[in-house]
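We name chains A, B, ... by the order of the sequence lines, and we start the count at 1 in each one.
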Amino acid sequence: MTAALEIDDVHLSFGGVKALTGPSFEVAEGEICGLIGPNGAGKTTLFNCITRIYEPDSGSVRYRGRELLGQRRHLIPSLGIARTFQNLGLLSDLSTLDNVLLGATHRSRANLLTSALRTPGMRKEERQMLCEADEILARLGLGDVRDTIVSDVPFGTQKRIELARALMIKPRLLLLDEPANGLTHSEVDDLATVLREVRDEHDLTILLVEHHMGMVMSMCEHVVVLDLGAKIADGKPADVSRDPAVVTAYLGSEAA
Amino acid sequence: MTPLTIVRGSPRHRAIVAAIGAVVLVVLIVIPNVLPSFRLFQVTLAAGFAIAIIGLALITTSAGQISLAQSTFFAIGAYTTAVLVADHGWTPILTFPVGAVFAFMVGLLLGLPALRLKGLYLALVTMAFAIITVPLIKRFDGLTGGNMGKLVSTPDPPSWSGMSPEVWTYAVAVTVATVMFWLANNIVKSGVGRSLSAIRHSELVAETMGVNVAVLKSLAFATSAAFAAVGGGLFTMTVEFVAADSFGLLISIEFLAALVVGGAVAIPGAIAGSLFIEFLPAWASEVNDALAGVLFGSILILVMIFLPDGVTGFIKRQLSRFVVVRHPVVLPPTGDRIGDQGPVDGRVEVEAVLE
Ligand SMILES: Nc1ncnc2c1ncn2[C@@H]1O[C@H](COP(=O)(O)OP(=O)(O)OP(=O)(O)O)[C@@H](O)[C@H]1O
Ligand SMILES: [Mg+2]
């Protein structure tokens with residue numbers, strides 16, 4: 001199996017805080033890989049390095065063999081990488097639909113001039129995007145909130161809207177930062193099912209940061225554990241959960 | 001009460017848009033027939049302001065960038081028209097695109113460094129542009145007429161129109177404004193408009209979603225400059241005179257005030273805002289000179305406190321309790337929803353589902 005994503009000895013510190021101290025691991029093409037660890041382990045920081053929000057001090061991040069460090073941030077979606085944010089990055093005063101459509105930005109051929117003139121090509125593209133957005137909304141059970149302003153829907157639903165927006169990017173690699181946060185038990189199960197289905201349909205590779213251990217253990221084929229910025233375990237879920245280092249790292253933390 | 005849902009592009013939506021269009025057209029035709037010529041002059045001026053304001057809305061309301069340089073670009077348009085009409089005998093309407101292109105290029109040039117800054121710093125730098133503008137106009141008084149100003153007598157209306165010069169100028173202004181509003185509205189409603197909103201919300205999220213923030217901000221700034229220039233061109237055509245001191249920082253501030261009062265809904269907001277800055281001070285000062293400033297300031301403060309999204313934002317929110325306009329649901333033919341309207345582009349368009 002070829003690696004979709006290779007994290008190689010990534011270091012990043014903020015002043016005195018060493019957020020990442022050189023974790024290295026690979027995510028294979030097509031797998032759902034869990035990235036877990038106690039609070040402050042550096043999971044979100046690693047996502048931010050992959051999506052070019054943070055500039056690591058050293059190390060390498062490769063996507064399908066291509067170095068990501070040095071890429072411009074807004075070009076990441078066109079490489080086929082999409083993410084969600086732990087604390088939501090939605091446009092709160094726009095509708096669900098508008099938020100999801102934003103995900104199509106990198107595929108749009110529109111510019112200011114063609115938009116101002118509403119050329120036939122523009123209108124056609126608009127219809128096409130609308131159609132895709134509606135498919136994704138239906139897929140994620142968001143049809144009812146399609147035209148609702150995002151700030152008026154519950155937090156758990158907003159997380160799903162962010163997932164919808166990430167899917168609208170049409171990614172090959174999907175980075176999810178705590179998608180189950182704020183969801184009820186049955187919603188978590190639904191989410192797991194949908195994620196597996198879209199992975200199969202679209203040949204996605206998923207890197208999943210999640211504190212919901214039930215979801216991680218049942219969904220992931222591969223789990224990487226971070227603690228204090230370093231990788232402490234990497235393997236099959238069953239092996240990882242028995243790993244003494246992991247047990248120690250989690251001891252006393254809220255993970256169930 | 002469930003609001004009535006109207007689907008964009010549906011027959012009902014088209015009928016409503018057509019009806020609103022008809023009412024607006026009637027009003028526009030009635031105006032020159034009922035207003036005294038000085039009031040008509042004010043309405044014509046307001047049309048020019050409204051174009052500059054809608055341009056400002058593109059970067060400020062949409063993308064969240066506060067610019068005080070709109071007076072600079074307004075001046076560029078005004079003087080382009082003044083020079084071409086007075087010195088080279090052009091017809092005013094042909095000068096507007098020239099001013100727009102000129103302002104667009106200057107906008108790009110100024111915007112590239114300025115837009116690296118945000119918030120207050122961008123406001124301050126653009127304020128500096130506005131402050132430099134007036135001395136620059138005076139410096140080139142050979143071309144601009146400087147302090148003394150420049151008379152710009154516009155050609156007589158074509159005889160086929162049968163209109164008086166004032167009515168002709170009004171008709172040209174309203175036509176140009178309509179075209180500019182259409183362009184601005186298309187931008188705001190498009191994917192590019194969405195990207196601008198994303199910039200206002202968070203540049204970081206916008207970039208993560210694939211928006212080339214630096215480029216789009218510069219282009220939007222330059223586009224808004226072009227709108228201001230068209231507004232400035234209309235100003236010259238209407239007043240038939242330009243003088244340096246009419247293009248100071250104060251107009252930029254008035255444009256911002258107009259945005260705040262007019263509010264969040266792009267086109268009606270710009271119209272309401274332009275009428276506000278044109279008519280309120282004029283009316284008030286007919287009563288008492290001091291009243292104009294006091295009233296202007298108080299209304300601005302009251303709007304900011306009680307109507308944070310302006311007059312039109314407030315009206316829109318009230319209306320949305322009764323009527324909601326939304327995009328049509330477009331699903332592949334397999335979609336088994338109610339209300340199929342028949343195939344469109346091999347797909348099935350589904351009308352609103354009223355629940
Ligand atoms: N921008 C920043 N400035 C300073 N410190 C930061 C910054 N971002 C992250 N950190 C620090 O880096 C460390 C790792 O944080 P990170 O958010 O990556 O943890 P996490 O594994 O995502 O935790 P959680 O499960 O709580 O989300 C923490 O100590 C955090 O305080
Ligand atoms: Mg985190």
Legend entry - Qualifying residues under salt bridge (charged side-chain N to carboxylate O under 4.0 Å, His left out), relative to B/Lys118, sequence neighbours excluded: B/Glu203

Inset, instruction - Could you list the residues that satisfy side-chain contact (heavy atoms from CB on, under 4.5 Å) with A/Arg165, not counting sequence neighbours? - result: A/Phe85, A/Leu90, A/Asn99, A/Leu102, A/Glu162, B/Val205, B/Met209

Legend entry - Heavy-atom contact with chain B under 4.5 Å, split by part of A/Ser95: neither

Inset, instruction - Report, as yes or no, whether the 6.0 Å neighbourhood of atom CZ on B/Arg14 holds more than 12 heavy atoms from other residues, nucleotides or ligands. - result: no

Inset, instruction - Give a yes or no on this: more than 12 heavy atoms of other residues, nucleotides or ligands lie within 6.0 Å of atom CZ of B/Arg116. - result: no

Legend entry - Value rounded to 0.5 Å, distance of CG in A/Leu113 from CG in B/Asn186: 11.0 Å

Legend entry - Heavy-atom pair with the smallest gap, counting every atom of B/His327 and A/Asp147: N-OD1, 4.4 Å

Legend entry - side-chain contact (heavy atoms from CB on, under 4.5 Å) partners for B/Ala103, two or more places apart: B/Phe73, B/Ile76, B/Ala225, B/Ala229

Legend entry - Side chain, backbone, both or neither of A/Leu101 within contact of chain B (heavy atoms, under 4.5 Å): both

Legend entry - Per-residue contacts, residues 188-196 of chain B versus chain A, heavy atoms under 4.5 Å: B/Ser190, B/Val192, B/Arg194, B/Ser195

Legend entry - Options A/Ile76, A/Asp98, A/Thr51, ranked by heavy-atom pairs under 4.5 Å with chain B, top entry: A/Asp98

Legend entry - Portion of A/Asn111 that has a non-hydrogen atom of chain B nearer than 4.5 angstrom: backbone

Inset, instruction - Answer yes or no: is there a side-chain heavy-atom contact under 4.5 Å between B/Ile187 and A/Leu112? - result: yes

Legend entry - Interatomic distance, B/Thr208 atom OG1 to A/Ile81 atom CD1 [nearest 0.5 angstrom]: 11.5 Å

Legend entry - Heavy-atom pairs under 4.5 Å with chain A, option from B/Thr223, B/Val211, B/Leu219 with the top count: B/Val211

Legend entry - Which atoms of A/Arg72 approach chain B - backbone, side chain, both or neither, heavy atom under 4.5 Å: side chain

Legend entry - A/Arg73 and B/Leu204, any side-chain heavy atoms less than 4.5 Å apart: yes

